Undergrad: 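My questions will all concern the structure given below.
Hydrogens, waters and symmetry mates are skipped; everything else that's a heavy atom, side chains included, is used. Bear in mind the structure is a predicted one, so any value in this text is a computation, not a measurement. Starting from 1, each residue takes its place in the sequence as its number.
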Amino acid sequence: MEKRALDGDIKKVLYSEEAIRAKVKEIGAEICRDYRNRKVLMVGILNGCFPFIADLVRAIDAPIEVDFMSVSSYGGGMQSSGVVRILKDLNKTIVGRHVLLVEDIIDTGLTGRYLLENLQTRHPASLEVCSLLDKRDARAEEVPIRYVGFDCPLEFVVGYGLDYDGLYRNLPYIGVLKEEVYTHR
Ligand code: IMP
């Protein structure tokens, strides 16, 4: 694997670029099968979802639509505040649509729960969740996830869309930061 400038900040890699690529392909095929007779509207939750959804849509060989929401739940650090704010809403109505929420990670579940409740009031025909990572041991709110990439340990992870203080989203893999990265900031 080619050495990158940010690799020095990473203590360990949890999911390699190759493992992610294979998993995304698998999930894409599953979505394609499940939505064979229904056109799916994929709703990406920004900012963390962008690499995942970009790869996922290209792993789906069927007519789909894509829209985005941007929410803020963390104040830039590592703790979920529990307060979810919609910074950017969907461009179109979802009444009667088959909606698939696409998330980078479900951690406490506070964001996912809020989004599911919010979108359900808009009367979609169906509403499911797809998350690349599931940190289930951190769950405070129940979130039914239809498509999961990997079960994630109770560690703060970065890369492939996931950030620490806005950084590391551009790593092609997912890993854990060295302790000194936090102490030096
Ligand atoms: P929640 O705790 O399930 O509400 O997670 C909300 C958001 O926090 C996720 O969509 C991520 O953007 C972010 N987040 C949660 N855990 C991590 C992590 O381990 N690394 C980076 N971001 C995280």
Undergrad: Just grab all the ring-ring contact (aromatic ring centres under 6.0 Å, His included) pairs involving residues 4-36, residues at least two apart or on different chains.
TA: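 Listed by first then second residue: Tyr15-Phe150.
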Undergrad: Should Val176 and Leu14 be marked as a side-chain contact (heavy atoms from CB on, under 4.5 Å) after you check the CA-CA gap, both sets of side-chain angles, and the distance that decides it?
TA: CA-CA 7 Å; Val176 179; Leu14 291 183; 3.9 Å; yes
Undergrad: Looking only at non-hydrogen atoms, find the nearest pair between Asp104 and Cys49 and report the distance.
TA: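 In terms of heavy atoms, the two residues are closest at CB-N, 4.3 Å.
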Undergrad: Is any side-chain N of the basic residue among Asp107 and Arg136 closer than 4.0 Å to the acidic one's carboxylate O?
TA: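 Judged by the 4.0 Å cut-off on N to carboxylate O distance, Asp107 and Arg136 do not form a salt bridge.
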Undergrad: I want to check something: taking the side chain as every heavy atom from C-beta on, are Ile20 and Ile174 in contact at a cut-off of under 4.5 Å?
TA: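 Ile20 reaches Ile174 side chain to side chain.
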Undergrad: Tell me every residue that passes salt bridge (Lys or Arg N to Asp or Glu O under 4.0 Å) with Lys12, counting only those two or more places apart in sequence or in another chain.
TA: Glu155
Undergrad: Could you state whether Met42 and Leu46 fall into the same hydrophobic cluster, counting links through intermediate Ile, Leu, Val, Met, Phe, Trp or Tyr residues with side-chain heavy atoms under 4.5 angstrom apart?
TA: yes
Undergrad: Where do Leu133 and Val157 come nearest, in terms of heavy atoms and distance?
TA: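 Heavy-atom minimum between the residues: CD1-CG2, 3.8 Å.
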Undergrad: Between Arg33 and Glu30 (salt bridge meaning N to carboxylate O under 4.0 Å), is one present in this structure?
TA: no
Undergrad: Is there a path of hydrophobic side-chain contacts, each under 4.5 Å between heavy atoms, that joins Val148 and Val102?
TA: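 Not linked; separate clusters.
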Undergrad: Would you say the side-chain atoms of Asp165 and Tyr182 include a donor-acceptor pair closer than 3.5 Å?
TA: no
Undergrad: What pair of heavy atoms forms the shortest contact from Gly149 to Ile27, and how long is it?
TA: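 For Gly149 and Ile27, the tightest heavy-atom pair comes out as CA-CD1, 3.8 Å.
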Undergrad: Are Asp9 and Lys178 within salt-bridge range, i.e. N to O under 4.0 Å?
TA: no
Undergrad: Let me see the working for Val71 and Arg85 under side-chain contact (heavy atoms from CB on, under 4.5 Å), right down to the final yes or no.
TA: CA-CA 5 Å; Val71 298; Arg85 271 194 314 142; over 6 Å; no
Undergrad: Spell out, yes or no, whether Phe50 and Met69 are grouped together once hydrophobic residues are joined by side-chain heavy atoms under 4.5 Å, including indirect joins.
TA: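 No; Met69 is not reachable from Phe50 via cluster members.
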Undergrad: Which atom pairs, one a donor and one an acceptor, fall under 3.5 Å between side chains of residues 52-66 and the rest of the protein, sequence neighbours left out?
TA:
residue: Asp55; atom: OD1; partner: Arg58; partner atom: NH2; Å: 3.0
residue: Asp55; atom: OD2; partner: Tyr160; partner atom: OH; Å: 2.6
residue: Arg58; atom: NE; partner: Ala54; partner atom: O; Å: 2.8
residue: Arg58; atom: NH2; partner: Ala54; partner atom: O; Å: 3.4
residue: Glu65; atom: OE2; partner: Lys39; partner atom: NZ; Å: 3.2
residue: Glu65; atom: OE2; partner: Arg97; partner atom: NH2; Å: 3.2

Undergrad: Ion pair present between Asp151 and Lys135, side-chain N to carboxylate O less than 4.0 angstrom?
TA: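 Looking at Asp151 and Lys135, the cut-off is not met.
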Undergrad: Hey, are the side chains of Asp163 and Tyr168 touching, using non-hydrogen atoms and a 4.5 Å cut-off?
TA: no
